[in-house]
Amino acid sequence: VGVAAIPAVIGGLLIMAGIPSLAGAALALFGIMLMTGGLHQDGLADLADSLGGRDRDHRLTIMHDSAIGSFGTFALISIVIIDVACLAHLAAIDPFYMIAGLLATSGMSRSMMAFQRWHRPTPTAQGLASITGKPDQHIMIIGVLIGLLVGLIFIPASAAFISIIIGLVISFGLGAFMMRWIGGVNGDGLGARQQISEAAMLMVLAIAI
């Protein structure tokens, strides 16, 4: 919520001032990327690029490479289009819906990272995911419940519960894929899971509103 608050409010205020909803939504998303350094977007791009890897070691090498390939570029473009379209849809109804939706989905999608890190091991002992450590079960549950609480505060209860369920399903599915793909969930996998979950949650909210 802290990461999304300022960009979401600025985007909402600009829309209220008369700029197109698409532009306001794009600026709000860009603001969040600036706040986080694009960390999660980078993870999504790296995971997508690894789809061209021959084997586990080659895939990990691709993920560690800072360059973005064609798969990564397409994944980033696709996820941004989905996010901006859903946020613009909410803003066209009421800019407050966009602000509330961005706060809710930012919180809920990130809370799922605690579950993902608890549920799956990392493929290697190096990297940010390994360094930060594995949360115990109580911390994981608290993290997920805080995410649900954030959703219940800002969006309809039905949308919040469905979003959390979808986040858990994505975490299970992506975690199972990454176990087979590279032998665990690394930082790139956590970032990709956040981005995919957030997009799915925004779609749920766009349907609900």
Side-chain angles (χ1 to χ4, degrees), residues 1-8 32-33 35-44 46-47 63 79 82-83 86-87 97 99-209:
V1 173
V3 165
I6 294 175
I32 293 176
M33 291 182 197
M35 296 280 284
T36 62
L39 186 64
H40 305 316
Q41 288 81 7
D42 180 69
L44 174 65
D46 286 342
L47 176 59
M63 287 183 172
I79 212 78
I82 292 170
D83 290 349
C86 291
L87 290 170
Y97 284 149
I99 295 171
L102 197 49
L103 292 173
T105 56
S106 292
M108 289 188 294
S109 63
R110 284 168 175 78
S111 75
M112 294 289 98
M113 298 174 79
F115 171 78
Q116 184 80 91
R117 184 64 188 88
W118 169 80
H119 187 240
R120 298 291 186 181
T122 55
T124 66
Q126 289 79 38
L128 186 60
S130 295
I131 294 172
T132 53
K134 177 180 178 179
D136 63 32
Q137 188 176 31
H138 294 93
I139 295 297
M140 179 273 294
I141 292 173
I142 291 170
V144 173
L145 290 177
I146 289 174
L148 176 60
L149 177 62
V150 168
L152 292 173
I153 290 172
F154 291 108
I155 62 176
S158 58
F161 280 110
I162 292 172
S163 293
I164 286 292
I165 292 171
I166 286 178
L168 290 171
V169 170
I170 290 172
S171 296
F172 272 112
L174 186 60
F177 166 75
M178 294 201 70
M179 286 296 295
R180 293 188 176 187
W181 196 241
I182 58 172
V185 178
N186 57 5
D188 288 332
L190 292 174
R193 195 221 48 74
Q194 186 276 323
Q195 286 289 290
I196 296 170
S197 295
E198 186 173 53
M201 291 172 180
L202 283 171
M203 286 190 280
V204 168
L205 188 54
I207 293 170
I209 298 297

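The chain is numbered in sequence order, starting from 1. Model, not experiment: these values are computed from the prediction.
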Task: Side chain proximity check, M179 to P121, heavy atoms < 4.5 angstrom - done: yes
Task: Side chains of M178 and L47 in contact at under 4.5 Å (non-hydrogen atoms) - done: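 Yes; the side chains approach each other to less than 4.5 Å.
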Task: Those residues that, when tested against S171, pass side-chain hydrogen bond (donor to acceptor under 3.5 Å, both in side chains) (two or more places apart) - done: none
For a quick test of your reading: what N or O donor-acceptor pairs under 3.5 Å do the side chains of residues 200-209 make, sequence neighbours left out?
none

TODO: Using the side-chain hydrogen bond (donor to acceptor under 3.5 Å, both in side chains) rule, collect all pairs that involve residues 104-116, keeping only residues at least two apart or in two chains.
DONE: S106-E198, S109-Q194
Open item on the list: Considering only residues two or more places apart or on different chains, which pairs with a residue in residues 179-191 satisfy side-chain hydrogen bond (donor to acceptor under 3.5 Å, both in side chains)?
Closed with: S50-W181
Which side-chain N or O atoms in residues 146-170 pair as donor and acceptor under 3.5 Å with protein atoms at least two apart or in another chain?
residue, atom, partner, partner atom, Å
S163, OG, A159, O, 2.7

Task: Those residues that, when tested against P135, pass side chain to side chain contact (heavy atoms under 4.5 Å, CB included) (two or more places apart) - done: R117, W118, I139
Task: Test side chain to side chain contact (heavy atoms under 4.5 Å, CB included) applied to T132 - qualifying residues, sequence neighbours left out - done: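 Partners of T132 under the side chain to side chain contact (heavy atoms under 4.5 Å, CB included) test: L128.
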Task: Residues, nucleotides or ligands: over 12 heavy atoms within 6.0 Å of Y97 OH - done: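 Incorrect, the count does not exceed 12.
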Task: Nearest atoms (heavy-atom pairs only) where M35 meets P7 - done: CG-CG, 4.1 Å
Task: Sequence neighbours excluded, every pair satisfying ring pair (Phe, Tyr, Trp, His ring centres under 6.0 Å) that has a member inside residues 186-209 - done: none
[X] side, atom [atom1]; [Y] side, atom [atom2] - distance, nearest 0.5 Å:
| X | Y | atom1 | atom2 | answer |
| --- | --- | --- | --- | --- |
| F172 | M112 | CZ | CE | 10.0 Å |
| L39 | Q195 | CG | CD | 10.0 Å |
| L190 | L44 | CG | CG | 12.5 Å |
| R193 | L174 | CZ | CG | 8.0 Å |

